[in-house]
Amino acid sequence: MELKDKLVSSFMAFEDTVDVNLPVHEVRSKAIKDFENLGFPSKKLESWKYTSLSKLLKSDYSVFPKNESSLEFKEVKKYFIHEIDSYKIVFIDGIYSSHLSETSHEGLDVCLMSAALSKPKYKIIIDNYFNKIAKTDGLTALNTAFSREGAFINIPRGKVVEKPIQILHFSTGNESSLLLQPRNLIVVGENAHVQIIERHQSLTDNPVLTNSVTEIFANKRAIVDYYKIQNDRQSASLIDNTFISQQQNSHALVHTFSLGGNVTRNNLQFFHKGEYLDSTLKGVTIIGDKQHVDHSTLVHHATPNCESHQDYKGIYADRSTGVFNGQIIVEKEAQKTNGFQQNNNILIDDTATINAKPQLEIFADDVKCSHGCTIGQLDDEAMFYLKSRGIPEKEARALLMYAFANNVLESVKIPEVKQRINKLIAMKLGVNLGFDL
Amino acid sequence: MAYTEEELKKELETKEYEYGFYTDIESETFPVGLNEEIVKAISLKKGEPSWMTEWRLEAYRAWTEMEEPEWANVTYKKPDFQAISYYSAPKKKPQYDSLDEVDPELLDTFKKLGISLEEQKKLAGVAVDVVMDSVSVATTFKKTLAEKGIIFCSISEAIKEHPELVKKYIGSVVPKKDNFYAALNSAVFSDGSFCYIPKGVRCPMELSTYFRINQAGTGQFERTLVIADEGSYVSYLEGCTAPMRDENQLHAAVVELVALDDAEIKYSTVQNWFPGDKEGKGGVFNFVTKRGLCETNAKISWTQVETGSAVTWKYPSCILKGDNSVGEFYSIAVTNNYQQADTGTKMIHLGKNTKSTIISKGISAGRSQNSYRGLVQINSRAANARNFSQCDSLLMGNQCGAHTFPYIEAKNKTAQIEHEATTSKIGEDQIFYCNQRGIDTEKAIALIVNGFSKEVLNKLPMEFAVEAQKLLEISLEGSVG
């Protein structure tokens with residue numbers, strides 16, 4: 001049976017496990033119909049021109065994990081940013097692990113989507129925010145239809161969250177192949193400030209496909225600082241859909257570090273709902289070994305006097321494929337917009353491919369928009385300079401790559417996260433430079 | 001008197017199409033509609049050999065199975081292909097030895113266009129092949145060219161007189177089944193220009209074709225084939241105008257360039273088809289397939305100034321097949337009122353050490369939409385390929401839009417690709433700077449727009465640059481000095 005049919009037919013079974021009397025269930029029922037109509041995106045769609053899901057969809061994924069699994073902290077410690085104190089929301093095979101998590105209801109809500117969906121006290125938030133900005137495409141609709149669990153973060157007005165929040169998804173490989181569909185909702189109140197780190201990690205070589213949807217609402221003057229660490233096994237694929245709605249004077253920053261995984265697709269979309277706000281999208285991609293990473297970004301400027309900055313760096317080796325599909329739309333009303341987009345890529349060998357499509361769609365006249373896109377290789381002269389000073393080829397090469405990616409790393413605000421990324425990059429490049437950048 | 005951008009905008013909106021005149025020449029027009037009979041009739045009418053008729057029919061059959069593409073960023077009412085007359089020729093088919101014998105009314109038309117044959121013949125030394133409603137009316141300077149062995153004639157003449165060349169190269173760059181409009185063109189093309197430069201010859205003058213759609217309800221389907229043999233050089237100019245008409249006219253041309261080893265082709269276009277009036281009524285649909293093939297060390301350079309057409313949809317492309325070949329694309333696209341343009345280029349790098357440069361300038365005013373869409377593709381064997389692209393857009397007023405859709409695909413690690421795009425308007429500070437130095441606002445805008453498009457205007461051949469300026473003025477009068 002095709003995966004699509006399987007999913008549609010398993011919706012009935014899913015209905016048995018959730019409370020169908022909740023208003024949110026209407027949203028789900030509509031979404032499954034949308035998914036039935038839309039199906040999985042194919043390469044015929046312009047936005048999926050360079051990324052094919054057909055291979056991934058061939059596995060016979062189990063939709064509901066049968067057995068609950070538990071993990072000991074020491075087994076998975078290395079996947080946490082354990083050097084700092086933080087809130088933690090941890091899922092194992094899609095099921096919440098209270099044992100590994102550290103949630104809170106004191107002065108803020110760091111808890112679960114399932115609780116938010118069912119408890120009356122969150123009804124107003126769910127009514128106002130749930131599924132309000134997620135675009136209706138096949139994958140998002142599918143996620144909405146099966147939305148049950150994920151992280152729910154609600155930061156009230158004026159609250160500066162004192163420590164970062166980590167969201168971790170582990171898959172244990174208890175199922176021969178697993179489809180995970182976490183659904184996250186993050187509401188950040190006026191003047192509030194939050195830092196979030198998200199990571200998906202598979203622990204065995206059994207195939208995992210994650211179709212994640214995150215909706216983030218940044219109210220007036222809020223600051224949202226979001227880090228996505230993607231360094232999964234070759235057997236795991238990730239489709240990450242993140243939608244961010246911003247109000248006046250808010251700042252939203254998303255850093256995406258794509259260093260592993262089989263197929264990774266990042267749909268990152270920003271919608272502007274107020275003036276004088278600022279969106280930052282940054283990413284580093286270093287892949288090889290037939291990996292595929294697709295960054296598909298959209299910044300929708302609909303209001304005047306806003307800024308957006310995009311900076312994506314990619315290094316591609318060994319049969320890997322990189323895609324950058326960056327879109328900036330400036331509506332007629334969005335005068336005095338300042339939109340900037342940069343995408344730099346390095347191809348390490350001839351088997352790697354990069355497809356870039358930076359798009360500007362501008363309907364307002366008083367704007368400053370620019371994009372730059374380059375594809376090149378490491379500078380021979382710089383290599384020679386380093387080698388002539390006694391630095392071996394491999395290290396010299398790594399050093400130059402670090403320098404190349406540094407623009408993005410520079411703006412990471414949590415030192416421990418930066419350090420971790422540095423370590424991951426060093427591991428990826430197989431070097432030990434003995435210092436941190 | 002202070003001249004503000006508002007006033008300029010107003011002037012642009014109200015500026016009527018200067019070349020909207022209609023030449024009263026009796027034409028012979030086929031009944032409307034398209035079927036195999038019409039295709040055969042066109043072929044018969046032109047006295048073509050049977051292989052050509054067969055070629056057309058094959059294209060027609062392929063076309064019937066194709067669907068009209070919809071991916072471009074333009075909206076328009078699709079032309080009814082059965083409501084178009086596919087052949088229209090001036091009835092008194094002129095076959096003159098000298099220009100004196102040409103119908104004075106026709107000559108008058110050209111005078112209005114500012115390309116009077118005599119004048120050009122005397123002053124510019126340009127050989128002109130005039131295509132009016134797709135039939136070639138006059139070719140000047142044939143003799144001078146013949147001495148060098150250069151063949152410059154209408155394509156129908158070439159089919160008769162040089163079938164071996166036509167047979168070998170027609171459809172070699174743009175196959176007849178390439179796309180919907182190319183297939184349509186292959187089936188029904190009525191005329192066009194043919195040019196062959198023999199080995200090692202440097203064409204002593206600029207070759208030029210002037211297109212004009214005259215008859216109501218006709219489509220113009222011309223086909224141009226330029227072959228530059230090894231080590232040769234040619235600069236080719238193409239200009240287009242149409243009289244003012246209410247209904248939309250269709251222009252679906254195919255241009256094929258073949259640059260053999262060490263050859264160079266410079267192809268310049270000034271396109272000034274009727275863009276429709278200020279309500280967006282009428283105008284020409286310009287759906288053109290242009291492509292060039294570069295062999296080893298060859299170079300093809302496209303330069304275009306696009307000021308006309310209600311809808312423009314074209315991507316002059318270069319296939320850089322040979323090692324060390326070079327492709328260039330320089331473009332200015334001006335849209336005003338309700339015009340829509342989706343234009344750009346494709347650079348396909350296949351050979352080693354291939355280079356391409358793309359400079360595209362878009363100016364949008366009124367309620368127009370101007371898109372750049374380009375593809376740079378570096379294949380895995382194309383070592384050391386180099387590309388530089390720059391797309392700049394200038395917006396005038398907040399009713400218009402500027403878009404860029406660059407596609408960049410690299411499969412070789414030695415590839416070096418740079419892409420830059422900017423969008424801006426004429427800054428108040430820039431105007432102020434000029435005002436402060438005693439330059440009035442009108443001149444300042446002229447200065448800035450001129451500076452904005454200079455990189456491309458500079459690439460036009462001398463003889464054409466003046467005319468290009470003239471045509472630019474029609475779209476943006478008061479802003480180009």
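Protein chains get the first letters and strands the later ones, always in sequence-line order, with residue 1 at the start of each.
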Quiz item: Picking from A/Thr353, A/Asn343, A/Asn355, A/Ile362, which has the most non-hydrogen pairs under 4.5 angstrom with chain B?
Solution: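 Option with the greatest count: A/Ile362.
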Quiz item: A/Asp366, A/Leu360, A/Thr351: which one forms the most heavy-atom pairs within less than 4.5 Å of chain B?
Solution: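 Looking at each of A/Asp366, A/Leu360, A/Thr351 in turn, A/Leu360 comes out on top.
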Side chain, backbone, both or neither of [X] within contact of chain B (heavy atoms, under 4.5 Å):
| X | result |
| --- | --- |
| A/Gln342 | neither |
| A/Ile348 | backbone |
| A/Gln341 | neither |

I need the [X] [atom1] to [Y] [atom2] distance, nearest 0.5 Å.
| X | Y | atom1 | atom2 | answer |
| --- | --- | --- | --- | --- |
| B/Ile417 | A/Asn344 | CD1 | CG | 12.5 Å |
| A/Lys357 | B/Ile408 | NZ | CD1 | 11.5 Å |
| B/Gln369 | A/Phe363 | CD | CZ | 5.0 Å |

Can you check whether anything in [range] gets within less than 4.5 Å of chain B, heavy-atom wise, and list it by number?
| range | result |
| --- | --- |
| residues 306-330 of chain A | none |
| residues 287-296 of chain A | none |
| residues 367-378 of chain A | A/Val367, A/Lys368, A/Cys369, A/Ser370, A/His371, A/Gly372, A/Cys373, A/Thr374, A/Ile375, A/Gly376, A/Gln377 |

[X] atom [atom1]: more than 12 heavy-atom contacts under 6.0 Å:
| X | atom1 | value |
| --- | --- | --- |
| A/Lys428 | NZ | yes |
| B/Lys346 | NZ | no |
| B/Gln436 | CD | yes |

Quiz prompt | Part of residues 372-385 of chain B lying next to chain A, heavy-atom separation under 4.5 Å | solution =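 Residues B/Ser380 are the ones that qualify, each having a heavy atom under 4.5 Å from chain A.
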Self-check item: Pairs of heavy atoms under 4.5 Å with chain A: top-ranked of B/Thr422, B/Thr423, B/Asn387, B/Thr414
Solution: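 Option with the top pair count is B/Thr423.
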Quiz item: Where on B/Gln390 is there a heavy atom nearer than 4.5 Å to chain A: the side chain, the backbone, both, or neither?
Solution: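 For B/Gln390, no heavy atom lies under 4.5 Å from chain A.
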Quiz item: Shortest non-hydrogen contact from B/Lys425 to A/Asp365?
Solution: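 Nearest pair, atom of B/Lys425 first, then A/Asp365: CB-O, 3.1 Å.
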Quiz item: Can you name the closest pair of heavy atoms from A/Pro358 and B/His419 and give their distance?
Solution: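 Heavy atoms only, the tightest pair is CG-CD2, 4.4 Å.
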Self-check item: Donor-acceptor contact present, side-chain B/Asn412 to main-chain A/Asp350, <3.5 Å
Solution: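 Not a single qualifying donor-acceptor pair exists.
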